[in-house]
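Read the structure below first, then the notes.
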Amino acid sequence: MTLNAVIAAGQGNPLLWILAIPLAAAGFLAVLPSWRLASWLNIAVSGATFVTSLSLFVHRPPDSRLLFIDDFNIYLVALTTFVGFTTAIFSAGYISRESASARLSDLHLRFYHSMYQAFLFTMLLALTANNTGVMWVAVEAATLTTVLMVSLYRTREAIEAAWKYFILCSVGIGLALFGTTLVYLAAQPVMGDGADAMAWTLLITRAAEFHPDLLNLAFVFLLVGYGTKVGLAPLHAWLPDAHAEGPTPISAVLSGLLLNVALYALLRFKMLIAANPETLAPGPLMIMMGLSSLFLSGFMLYRRGDIKRLFAYSSIEHMGLITFAFGMGGPLANFAGLLHMTMHSLTKSGIFFAVGAITQNAGTKRLADIRGLTVSHPILGWGFAIAVLAIAGLPPMGVFMSEFLVVSSTFARQPLLAIPLILALLVAFAALITRLQAMLFGAPPPSPRQAHGNVTALGTVLAYGPLWLHVILVVIAGLWLPEPLVRWFETVAKLLG
């Protein structure tokens, strides 16, 4: 195929541009010598990817054996590119301050920006792949790129966290590969050999004819495999270390995006299981893992002395709640799960934006040393306060709405399950509120540390702008959801079974 033919094909398919832009940028940023220029280019490229993703709502390209867009993944693509864009904005200011403190060399900064775009590419490929094998490869590639970024500081703790992340998630992804192979074997007698037996758009139409025993066995491996990547207990051990030791912008996209991508992969397979009437219901397994994640993380929140680890366990809690919702199934619980995925992505990434600024200002990640933020840094402190209240589930935030829907649907269908669910949510709520009081309203240090000199107006916008944008969106979502968005979630909820 000639270059002109490739360009002509891309002009008619925005999905190709959504993947090509971050992939090409990753290669270019790897050789760009100026990290300052790379920071701005990283923002521009991420913004271009986000704008291009919005074109999918106007022009949805036709499906192919490799890539596809449907009602489920289109909103996740838009959410991923949006959070990727806002994180790139925050990252520019964060990386500038890290360079000023000599924590990262120019070579490390060049590597960081290249891997950031590579990471966005792998997530977008996983979301849009119309092939179970390609999706698995993309999730594994996302693991490899984030492993490299978690170890970016090259400290003993960072390298240890990266190795733990790599080993545990590689074992999980290996189990997911075995589950993917079993699904292929279940589909092969019906779909025939080759790519047709791996294409989502074809598999879902004939899933009722697949061998149910193979599908049941496959889902166990897929739940354990992709569940490791989601961070579900007891497979969560990598997540707190990876969040704590990597650069904070990477913590934002790990919690806000990558966990969603892994859960998306699991839900795609759940749709196949649900379409076959002879398989066992996957819901009880998901409910069990969701509840165990809620309880473990809720109690662990009380014992954290590191602010990044604290919110890493909060991510485990919320992914457990989302998994619980999808395990319950049905239109209302699935709607709540989709809404909570969105609200958690926006809120948790915003929290890590605040955490990045807080740790740089305070020069420490220790909770005991962070006090009186609303006095010493009022713009940052109040934005952080609203974000934490939102993730704790207080009204009128969007997280409260999604949690209320999960609890309501559980009461309606399984009242006894609602008791441990509410108890776990209350435990986590109390832990976060207890921690929040001292950080925000305690007596500030006598002389607040200014780690990197005077902060310019532009630096303030880069540091606090993305945080407040996310906070505003979450508050609006708690008060009002646009009718098209509601209809969209309702449609996807029905697809999920």
Side-chain angles (χ1 to χ4, degrees), residues 15 19 62-73 76-77 121-144 168-230 232 235 258 260-283 285-286 289 323 326-327 329 495-497:
L15 186 53
L19 297 173
D63 299 335
S64 69
R65 289 293 187 271
L66 182 61
L67 301 172
F68 82 121
I69 284 290
D70 67 358
D71 289 331
F72 187 14
N73 63 6
L76 285 175
V77 169
F121 165 75
T122 57
M123 288 192 296
L124 292 170
L125 179 59
L127 291 173
T128 58
N130 192 19
N131 182 291
T132 57
V134 173
M135 185 187 70
W136 179 87
V137 170
V139 174
E140 174 67 2
T143 301
L144 295 176
L168 293 180
C169 285
S170 292
V171 171
I173 291 296
L175 295 174
L177 176 62
F178 186 64
T180 303
T181 304
L182 289 176
V183 171
Y184 175 80
L185 294 176
Q188 187 183 29
V190 178
M191 308 297 298
D193 296 333
D196 284 358
M198 304 177 74
W200 292 116
T201 51
L202 300 178
L203 290 172
I204 195 64
T205 60
R206 304 188 66 181
E209 305 173 46
F210 298 166
H211 196 294
D213 293 336
L214 280 177
L215 288 180
N216 289 333
L217 182 61
F219 189 76
V220 173
F221 283 97
L222 291 164
L223 180 60
V224 174
Y226 283 118
T228 302
K229 194 72 177 175
V230 176
L232 299 176
L235 313 167
L258 185 58
N260 280 356
V261 172
L263 185 57
Y264 163 84
L266 181 61
L267 292 176
R268 281 290 181 191
F269 286 105
K270 179 180 180 288
M271 292 168 67
L272 294 181
I273 304 295
N276 190 308
E278 298 183 30
T279 56
L280 298 174
L285 286 174
M286 297 180 70
M289 294 192 73
T323 303
F326 288 124
L495 291 176
L496 293 172

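All values below come from the heavy atoms of this structure, side chains included, with hydrogens, waters and symmetry mates left out.
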Response to the item:
For Leu168 and Thr228 the tightest heavy-atom approach is O-CG2, 3.6 Å
Response to the item:
Minimal heavy-atom distance between Lys270 and Leu496, with the atoms involved, is NZ-O, 3.5 Å
Discussion item. Students often mix this up, so state it plainly: with edges at 30° and 60°, are the rings of Phe269 and Tyr226 parallel, tilted or perpendicular?
Written reply: parallel
Item to complete: Indicate the atoms forming the closest heavy-atom contact of Leu222 with Ala176, along with that distance.
Response: CD2-O, 3.5 Å
Fill in: Euclidean distance, Leu19 CG relative to Leu124 CG, rounded to 0.5 Å
6.0 Å
Item to complete: State, to 0.1 Å, how close Ala129 and Phe68 come at their nearest heavy-atom pair, and which atoms those are.
Response: O-CE2, 3.3 Å
Discussion item. Is any side-chain heavy atom of Glu140 closer than 4.5 Å to one of Cys169?
Written reply: no
Response to the item:
Rounded to the nearest 0.5 angstrom, the CG-CG distance for Leu76 and Asp71 is 11.5 Å
Worksheet entry | Residue pair Met289 / Leu235, side-chain heavy-atom distance below 4.5 Å | yes
Worksheet item: In Å, rounded to the nearest 0.5 Å, how long is the span from CG of Leu280 to CG of Leu217?
Response: 11.0 Å
Discussion item. A side-chain contact here means heavy atoms from C-beta on lying under 4.5 Å apart; do Arg206 and Asp196 qualify?
Written reply: no
Worksheet item: Only one of Asp63, Asn130, Asn131 forms a side chain to side chain donor-acceptor pair (under 3.5 Å) with Thr201, so which one is it?
Response: Asn130
Worksheet entry | Euclidean distance, Leu266 CG relative to Lys229 NZ, rounded to 0.5 Å | 14.0 Å
Fill in: Qualifying salt bridge (charged side-chain N to carboxylate O under 4.0 Å, His left out) pairs, either residue in residues 177-194, two or more places apart
none
Worksheet item: Is the backbone N or O of Asn73 less than 3.5 Å from a side-chain atom of Tyr264, with the two atoms forming a donor-acceptor pair by type?
Response: no
Discussion item. Distance check, rounded to the nearest 0.5 Å: Phe219 atom CZ versus Met286 atom CE?
Written reply: 5.0 Å
Worksheet item: Can you find a heavy atom in the side chain of Val134 that is under 4.5 Å from one in the side chain of Leu125?
Response: yes
Discussion item. Within the structure provided, determine whether Leu203 and Thr132 are in side-chain contact (heavy-atom separation under 4.5 Å).
Written reply: yes
Worksheet item: Roughly how far apart are Met198 CE and Thr181 OG1, rounded to 0.5 Å?
Response: 7.5 Å
Item to complete: Go through the structure and list residues passing side-chain hydrogen bond (donor to acceptor under 3.5 Å, both in side chains) with Asp70, not counting sequence neighbours.
Response: Arg268
Discussion item. Give me the atom names and distance for the closest heavy-atom approach of Ala126 to Met135.
Written reply: O-CG, 3.5 Å
Worksheet entry | Non-hydrogen atoms of Ala207 and Asn276 that approach each other most closely | O-ND2, 2.9 Å
Worksheet item: So do the side chains of Phe210 and Met191 get within less than 4.5 Å of each other, counting heavy atoms only?
Response: yes
